[in-house]
*Asks:* 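Structure provided below as structure tokens; questions to follow.
First listed ligand is number 1; within each ligand, the first listed atom is number 1. Computed from a predicted model, the values in this text were never measured in an experiment. Heavy-atom basis, side chains included; hydrogens, waters and symmetry copies ignored.
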Amino acid sequence: MKILVVGSGGREHALAWKLRQSPHAEHIFCAPGNAGTADIGENVAIPAADLGALVRFAKQNRTDLTVVGPDDPLAAGIVDLFAAEKLRAFGPTKSAARIEASKVFAKELMRAQKIPTAEASIFSDSGEALQYCERAKFPVVIKADGLALGKGVIIATDAATARSAIDEMMNQRRFGDAGRRIVIEEVLDGTECSLHALVDGKNYLLLESARDHKRALDGDQGPNTGGMGAFSPANNWNTKLKAQFEAKIMRPLMRGLLEEGIKFQGLLYPGLMITSEGSRVLEFNCRFGDPETQALLPRMKSDLLPLLEATIDGKIDTCAIEWDTRATVTVVLTSGGYPGKYETGKSISGLEDAAKLEDVRIFHAGTKRADGQIKTAGGRVLTVTALGLSVEDARERAYDAVSRIHFESCHYRRDIALSAIAANVSDLS
Ligand code: AMP
């Protein structure tokens with residue numbers, strides 16, 4: 001099969017790496033890819049946002065399957081465009097992708113199915129939202145309805161912060177139309193967990209659990225980022241929570257989508273807050289997580305390609321996934337200054353040395369090959385994953401590999417998965 005992977009991050013490198021191992025994979029294209037994907041297959045200089053060019057490329061090159069990494073092309077309807085040309089693509093249609101692209105849509109769906117989530121009010125009028133702040137109990141979470149590059153969620157501790165967030169989103173349109181409507185909801189207390197599911201329109205198959213680290217600095221300080229690290233399995237997940245999750249979240253969600261007439265096919269991953277009263281949904285994502293994918297796929301023993309195919313064909317109920325029982329820890333290396341301003345074009349050294357270590361996988365994100373060298377080309381530069389007999393072991397191996405990689409102004413968190421080693425190792429039996 002000829003496979004096209006759309007995107008250029010660590011997630012896409014991990015997907016391409018895993019798909020390359022399939023005996024059915026003949027050639028992998030990555031659009032636009034990075035220096036890591038160039039070693040696995042062929043990079044194609046088409047941005048993930050240029051849907052028309054991607055369709056033309058897939059047609060001309062007779063690709064058998066396209067796997068879409070990022071949320072934006074899914075929300076823009078890339079799968080619908082491919083389907084119109086009878087091209088197979090893994091991911092939800094534009095209508096189904098609303099589960100991530102519209103927080104109002106997701107909230108209404110959850111309400112209709114009584115899926116546990118934060119209590120929320122929805123506003124399309126800034127005056128009403130501002131009035132609501134006069135009587136609200138703080139803190140509250142303010143969310144732009146649409147996609148806002150991970151910046152559309154503000155935790156407001158007082159009325160003044162809430163008012164300025166509402167004004168920026170709804171009146172100044174900082175995120176364009178994404179802020180036409182907003183959701184204001186209660187703050188949930190607990191620990192977060194990511195659950196990935198392959199959903200085929202009727203049935204779903206869960207992947208292993210993972211946790212990510214969103215803040216830029218150690219101790220969960222600093223600004224939110226796309227993700228600074230992850231580990232799998234999650235230490236706050238267990239069989240009891242999984243049973244509750246299936247009964248109270250996944251099955252009602254499947255029913256809700258059916259009732260809305262939406263056939264969701266692709267990867268659906270609810271971000272959960274595990275509270276003292278059980279799991280609550282923070283958000284739904286309609287694609288693989290980044291960096292969770294880099295922590296999950298090295299643990300997956302099964303061939304990913306037939307699983308993606310079964311998802312598209314509505315046959316995921318006939319599949320099972322075999323997992324490596326070992327743990328993974330993934331550390332993200334960024335350009336200094338990310339998620340704010342940063343410089344690129346720095347030479348990266350030590351990659352070969354790090355890659356030689358046993359059970360270490362290096363996935364590239366913002367990298368490119370120039371002048372015979374690998375150079376930085378983005379905010380998140382590399383993700384380093386290690387497998388280990390325990391999270392502690394995986395963590396040591398991951399940081400050993402990280403210590404061998406160098407580029408000017410390299411930044412990474414030193415405390416990825418540290419909380420999983422402290423006291424509360426959960427019952428995963
Ligand atoms: P979302 O895009 O809705 O997942 O929000 C991004 C991040 O904001 C989440 O991963 C949480 O860390 C945080 N967050 C969102 N909603 C809430 C909430 N109701 N209570 C506490 N934290 C939240």
Side-chain angles (χ1 to χ4, degrees), residues 70-72 74-75 97-111 115-123 129 132-133 136-158 161-162 165-166 169 174-175 178-179 181-196 209-217 219-231 234 236-237 249 253 267-293 295 332 339 413 416 419:
D71 48 9
D72 288 313
L74 291 166
R98 279 181 299 159
I99 199 149
E100 173 167 2
S102 169
K103 292 192 190 289
V104 170
F105 174 78
K107 197 57 107 178
E108 284 173 346
L109 188 70
M110 286 191 273
R111 270 189 193 157
I115 293 173
T117 181
E119 285 296 327
S121 305
I122 295 166
F123 298 95
Y132 174 87
C133 289
K137 223 173 86 200
F138 288 91
V140 295
V141 187
I142 302 180
K143 300 183 175 186
D145 176 41
L147 298 177
L149 298 171
K151 292 181 183 145
V153 175
I154 306 283
I155 299 193
T157 45
D158 53 59
T161 316
I166 292 167
M169 287 181 192
R174 178 169 171 217
F175 308 116
R181 293 187 294 176
I182 60 164
V183 174
I184 304 185
E185 66 182 35
E186 64 175 325
V187 173
L188 296 175
D189 230 359
T191 56
E192 291 182 47
C193 189
S194 303
L195 267 303
H196 284 58
S209 61
R211 283 186 75 174
D212 74 342
H213 297 258
K214 281 264 187 289
R215 301 287 202 98
L217 308 174
D220 288 330
Q221 302 295 309
N224 257 329
T225 68
M228 296 297 293
F231 59 96
N236 57 353
W237 194 240
I249 296 172
L253 174 63
L267 193 291
L268 202 158
Y269 104 71
L272 303 179
M273 185 71 91
I274 317 285
T275 72
S276 53
E277 288 140 43
S279 309
R280 298 219 180 318
V281 176
L282 290 174
E283 61 169 345
F284 290 114
N285 299 288
C286 68
R287 35 78 204 178
F288 283 93
D290 187 345
E292 288 94 329
T293 304
V332 177
R413 276 181 64 162
I416 301 302
S419 63

*Asks:* With the threshold set strictly below 4.0 angstrom, can you tell me whether any protein non-hydrogen atom sits that near atom 21 (C) of ligand 1?
*Replies:*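 Within 4.0 Å: yes, protein heavy atom nearby.
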*Asks:* Does CG in Leu149 sit with more than 12 non-hydrogen atoms of other residues, nucleotides or ligands closer than 6.0 Å?
*Replies:* no
*Asks:* Can Lys103 and Glu100 be counted as an ion pair, charged N to O under 4.0 angstrom?
*Replies:* no
*Asks:* Could you tell me whether Lys143 and ligand 1 have an N or O pair separated by under 3.5 Å?
*Replies:* yes
*Asks:* Short list, please: which atoms of ligand 1 are under 4.0 Å from a heavy atom of Glu283?
*Replies:*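 Ligand 1 atoms under the 4.0 Å threshold to Glu283: 1 (P), 2 (O), 3 (O), 4 (O).
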*Asks:* If every non-hydrogen atom of Ile416 is compared with every non-hydrogen atom of Gly229, which pair is closest and at what distance?
*Replies:* CD1-CA, 3.8 Å
*Asks:* Aromatic rings His213 and Phe231: how do their planes relate, parallel, tilted or perpendicular, breaks at 30° and 60°?
*Replies:* tilted
*Asks:* Can you tell me if Arg280 contacts ligand 1 (heavy atom of the residue under 4.0 Å from the ligand)?
*Replies:* no
*Asks:* Just to be sure I'm reading this right: ignoring hydrogens, which of Ile184, Leu188, Val183, Leu282 gets closest to atom 14 (N) of ligand 1? Compare them by their nearest heavy atoms.
*Replies:*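 Ranked by closest heavy atom to atom 14 (N) of ligand 1, first place is Leu282.
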*Asks:* Looking at Ala216 and Pro339, what are the two nearest heavy atoms and their distance?
*Replies:* CB-CD, 4.2 Å
*Asks:* I need the atoms of ligand 1 closer than 4.0 Å to a non-hydrogen atom of Glu185, numbered in the order shown.
*Replies:*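 So the atoms of ligand 1 that pass are 16 (N), 17 (C), 18 (C), 19 (N).
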*Asks:* Could you tell me the residue and atom name of the protein heavy atom closest to atom 7 (C) of ligand 1, and the distance to it rounded to 0.1 Å?
*Replies:* Val153 CG1, 4.6 Å
*Asks:* Which ligand 1 atoms does Met273 reach within 4.0 Å, using its non-hydrogen atoms?
*Replies:* 21 (C), 22 (N)
*Asks:* On a heavy-atom basis, I'd like to know which of Glu100, Glu192, Arg215 is closest to atom 9 (C) of ligand 1.
*Replies:* Glu192
*Asks:* Short list, please: which atoms of ligand 1 are under 4.0 Å from a heavy atom of Val141?
*Replies:* 16 (N), 17 (C), 18 (C), 19 (N), 20 (N)
*Asks:* Is the shortest N/O to N/O distance between Lys103 and ligand 1 below 3.5 Å?
*Replies:*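 Yes, at least one N or O pair falls under 3.5 Å.
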*Asks:* Under the salt bridge (charged side-chain N to carboxylate O under 4.0 Å, His left out) test against Asp220, which residue among Arg211, Arg413, Lys214 passes?
*Replies:*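 The passing option is Arg413.
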*Asks:* Under a 4.5 Å cut-off applied to non-hydrogen side-chain atoms, are Glu186 and Val141 in contact?
*Replies:* no
*Asks:* Does some side-chain heavy atom of Thr117 sit less than 4.5 Å from a side-chain heavy atom of Lys107?
*Replies:* yes
